[in-house]
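Comments concern the structure below.
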Amino acid sequence: MKITPTIRAELEHFLQQEGLTLSQFGQIAGMNRGIISSILTGNKSMSINQLDRITEAMGLPEGYFYDLFIDNYIIDTPPNMRRIEPFLFRCAELDKLDAIRRVVEVIMDNLLYSPKLFDIAEELLSQGRHEAALLLYEGVAEAERYQHSERLAVCQYRIFKIQIGDDQSKNLSAATIFEVFVERLNEIDQLDALKDLANVYRSLRKWDKVEEIAKKMRAKAEIQYTLKHKQNSRERDESTKNLTRPLFVYISYADLLCASVCEAQGDYQQALQYTYAYADLEWVKEDDEDTQHWIGLYKQWSEGNTHVNKLLSGDTSVLTEYVEYIASTNLTDKEMVTKLLNVMMAANRYQIDVDNILQRFEVEIDSFTQQGHPSSDMYTNQVIPEQSARLSYELAYYQLHRGTYDDGFKFLMYSMVSYHTLNNETYFINCMGLFLHFRDHAVPEIKVGFLNFIEKVWMNNVEKSGNADHRG
């Protein structure tokens with residue numbers, strides 16, 4: 001039978017080896033002699049703070065004894081949350097994720113620990129320690145998988161938001177898993193959950209899902225808005241404060257999403273109807289500053305998207321007006337990406353010369369490749385990166401077909417790298433096809449860069465599949 005070593009034994013050995021008395025070591029560690037004596041005799045359990053002091057006094061790295069702490073004070077003793085909670089927070093600070101995983105595995109056989117573990121996960125999330133929080137949410141979700149509880153649904157929502165990243169294939173899997181839990185959230189939280197889901201599916205260009213979720217969100221938001229103004233209760237006002245947007249915005253955003261679906265499917269007349277709908281906000285009863293801000297945004301978006309739908313349907317006469325709208329409106333970087341993408345899609349579809357427009361927005365076009373600041377907003381994190389990659393592709397297509405090969409290949413390589421990061425196989429292949437079509441016009445340096453990148457992608461895929469060629 002294997003005997004588990006103990007921290008006490010390690011400390012005793014250190015004291016003997018160094019020839020230190022309890023008083024001397026206590027002075028080094030900043031601890032009372034009696035406490036050290038009680039720890040050594042087993043009469044007193046050890047806190048994580050005491051363990052950290054002992055570890056530092058022994059000249060060992062932070063967290064050196066954490067695995068033994070789990071063995072000695074969590075596995076071998078009845079779980080005590082007053083000891084476990086500070087230990088989990090300390091593990092999160094030191095990025096000791098394996099230690100957190102071990103603790104979760106040990107204690108989650110007992111559902112009584114779920115509420116406390118969930119609270120710890122919420123606090124870690126608020127601190128930005130997402131990986132540590134994810135392990136706790138997953139532990140609670142696994143323990144409560146048969147409970148049909150709201151806490152289970154909230155855990156799945158948190159897991160979904162943490163897991164969403166650059167890889168669109170993984171994002172699709174995360175969205176599919178979470179979608180079935182939305183209805184278990186409370187009615188207010190469902191609105192943000194549906195908004196986030198819709199934006200992930202929008203980035204994946206899953207337009208049927210975007211439309212389905214948008215209509216569901218609109219119906220739920222309308223019910224909540226009606227109840228709010230019928231009851232006019234303080235309790236309902238308090239519940240809606242947890243939303244990331246004013247309540248009426250979810251109704252209008254559903255129309256905006258449906259407009260984007262129709263636009264993507266080429267139904268520009270229906271897209272216009274949805275666009276007019278989310279601009280008509282006379283029904284909104286609130287008149288506070290935040291409400292006026294959002295009403296202003298929707299009117300601004302409607303003005304621009306009215307031009308877009310006419311432009312993409314073939315009415316190129318509105319291009320000048322649309323460009324002036326872009327230039328005169330104080331747009332954010334992410335809004336500029338979307339607007340310029342619309343211009344380039346129309347230019348390539350209808351063979352429009354937009355050289356003067358590209359020159360006018362040269363600074364903005366050069367700057368969008370530098371974006372990538374993390375955000376808690378799902379639209380910014382998911383839709384904008386895909387649109388940036390698409391804008392690069394449209395720019396490359398335009399420049400290459402007009403013989404501006406240096407700029408064309410520059411944008412094409414950016415798009416190809418972006419779509420590889422996003423794990424979007426369809427557009428990655430489109431980029432490869434466009435490169436091969438114009439390869440005779442690429443200078444040697446561009447060709448070498450292209451081939452090196454393709455080889456790197458190939459080797460990464462080989463390694464992921466476990467079939468790496470070790471012959472060199």
Side-chain angles (χ1 to χ4, degrees), residues 195 198-199 202 207 210-211 214 217-218 221 245-350 352 354 356-358 360-361 363-365 367-368 377 379-380 383-384 386-388 390-391 394:
K195 172 180 65 67
N199 279 322
R202 188 179 179 186
W207 300 115
V210 174
E211 183 176 25
M217 180 175 69
R218 192 185 210 286
R245 310 278 193 276
L247 186 52
F248 81 91
V249 169
Y250 297 86
I251 300 171
S252 300
Y253 194 61
D255 288 333
L256 187 148
L257 288 169
C258 288
S260 69
V261 172
C262 293
E263 180 185 317
Q265 295 172 341
D267 188 351
Y268 300 110
Q269 288 304 312
Q270 186 60 52
L272 276 171
Q273 297 309 307
Y274 279 117
T275 302
Y276 297 147
Y278 67 72
D280 180 11
L281 297 173
E282 295 297 325
W283 52 270
V284 176
K285 300 181 185 298
E286 295 83 3
D287 60 359
D288 58 276
E289 185 177 344
D290 197 26
T291 297
Q292 293 305 316
H293 167 74
W294 281 99
I295 289 176
L297 284 179
Y298 275 106
K299 288 183 176 178
Q300 176 185 309
W301 294 337
S302 175
E303 180 185 353
N305 288 333
T306 297
H307 294 319
V308 168
N309 283 291
K310 291 178 179 179
L311 178 62
L312 292 178
S313 67
D315 183 2
T316 58
S317 66
V318 303
L319 178 58
T320 301
E321 193 174 352
Y322 183 53
V323 170
E324 291 307 317
Y325 159 81
I326 296 174
S328 63
T329 308
N330 186 23
L331 300 175
T332 63
D333 289 342
K334 64 183 181 181
E335 289 172 324
M336 185 62 75
V337 168
T338 304
K339 302 300 183 285
L340 292 173
L341 173 58
N342 293 327
V343 170
M344 295 314 303
M345 288 173 63
N348 289 328
R349 183 176 300 177
Y350 300 111
I352 308 171
V354 293
N356 62 326
I357 299 174
L358 296 182
R360 184 173 182 176
F361 295 106
V363 173
E364 290 81 0
I365 291 171
S367 68
F368 83 82
D377 176 53
Y379 174 82
T380 303
V383 178
I384 294 303
E386 194 279 330
Q387 290 191 342
S388 295
R390 180 74 182 276
L391 173 56
E394 296 290 343

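When a residue number appears, it is its place in the shown sequence, counting from 1. Note: hydrogens, waters and symmetry copies are ignored here, and every other heavy atom, side chains too, is used. Owing to the predicted nature of the structure, the values given are computational and were not obtained by experimental measurement.
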Q: Report the distance from atom OH of Y253 to atom CH2 of W294, rounding to the nearest 0.5 Å.
A: 8.5 Å
Q: Measure the shortest side-chain to side-chain distance between R245 and K195 over non-hydrogen atoms and say whether it is less than 4.5 angstrom.
A: yes
Q: Taking only Lys NZ, Arg NE, NH1 and NH2, and the carboxylate oxygens of Asp or Glu, determine whether R360 and E324 approach each other closer than 4.0 Å.
A: yes
Q | Within 6.0 angstrom of K339 NZ, more than 12 heavy atoms from elsewhere | A | yes
Q: First locate atom CG of D255, then atom CZ of R218, and finally report the distance between them rounded to the nearest 0.5 Å.
A: 4.0 Å
Q: Please examine the side chains of L340 and L358, heavy atoms only from C-beta on, and report whether any two atoms are closer than 4.5 Å.
A: no
Q: Would you tell me whether T291 and D288 have side-chain atoms, one donor and one acceptor, within less than 3.5 Å of each other?
A: yes
Q.
Please determine whether side chain to side chain contact (heavy atoms under 4.5 Å, CB included) holds for the pair E211 and L257, giving the CA-CA distance in whole Å, both sets of side-chain angles, and the decisive distance to 0.1 Å.
A. CA-CA 7 Å; E211 183 176 25; L257 288 169; over 6 Å; no
Q. Less than 4.5 Å apart, any side-chain heavy atom of Q387 and any of V383?
A. yes
Q.
Could you tell me if the side chain of C258 sits less than 4.5 Å from the side chain of Y278, heavy atoms only?
A. no
(Q) Is there a side-chain contact between L311 and N342 in this structure, where contact means two heavy atoms from C-beta onward sitting under 4.5 Å apart? (A) no
Q: Would you confirm whether S367, through its side chain, and E364, through its main-chain N or O, come within 3.5 Å as a donor-acceptor pair?
A: yes
Q. Between D315 and S317, do the side chains contain an N or O donor and an N or O acceptor separated by less than 3.5 Å?
A. yes
Q: Can you measure from CZ (F361) to CD1 (I326) and round to the nearest 0.5 angstrom?
A: 5.0 Å
Q | Side-chain touch F248/I295, heavy atoms, less than 4.5 angstrom | A | yes
Q. Using 4.0 Å as the upper bound for N to carboxylate O, is an ion pair formed by E394 and R390?
A. yes
Q. Do side-chain atoms of Y325 reach the backbone of Q300 as a donor and acceptor pair under 3.5 angstrom?
A. yes
Q. Between T306 and Y276, is any pair of side-chain heavy atoms under 4.5 Å apart?
A. yes
Q.
Treating R349 as the side-chain partner and L312 as the backbone partner, does any N or O pair qualify as donor plus acceptor under 3.5 Å?
A. yes
(Q) Could you walk me through whether Y274 and S260 satisfy the side chain to side chain contact (heavy atoms under 4.5 Å, CB included) test, starting with their C-alpha distance in whole Å, then the side-chain angles of each, then the deciding distance to 0.1 Å, before giving a yes or no? (A) CA-CA 9 Å; Y274 279 117; S260 69; over 6 Å; no
Q. Can you name the nearest heavy-atom pair linking A264 to W207, along with the distance?
A. CB-CE2, 3.3 Å
Q: Look up atom CD in E286 and atom CG in L247, then write down how far apart they are to the nearest 0.5 Å.
A: 7.5 Å
Q | Sub-4.5 Å side-chain heavy-atom contact between C262 and Y268 | A | no
Q) Closest heavy-atom contact between A221 and Y250? A) CB-CB, 3.8 Å
Q. Which atom names give the shortest non-hydrogen contact between V210 and A198, and what distance separates them?
A. CG2-O, 3.8 Å
**Q.** Euclidean distance, Y298 OH relative to N305 CG, rounded to 0.5 Å
**A.** 11.5 Å
Q | For the student: nearest non-hydrogen atoms of A271 and A259, plus distance | A | CB-O, 3.6 Å
**Q.** Pairwise distance OG1(T316) to CD1(I352) - rounded to 0.5 angstrom
**A.** 5.0 Å
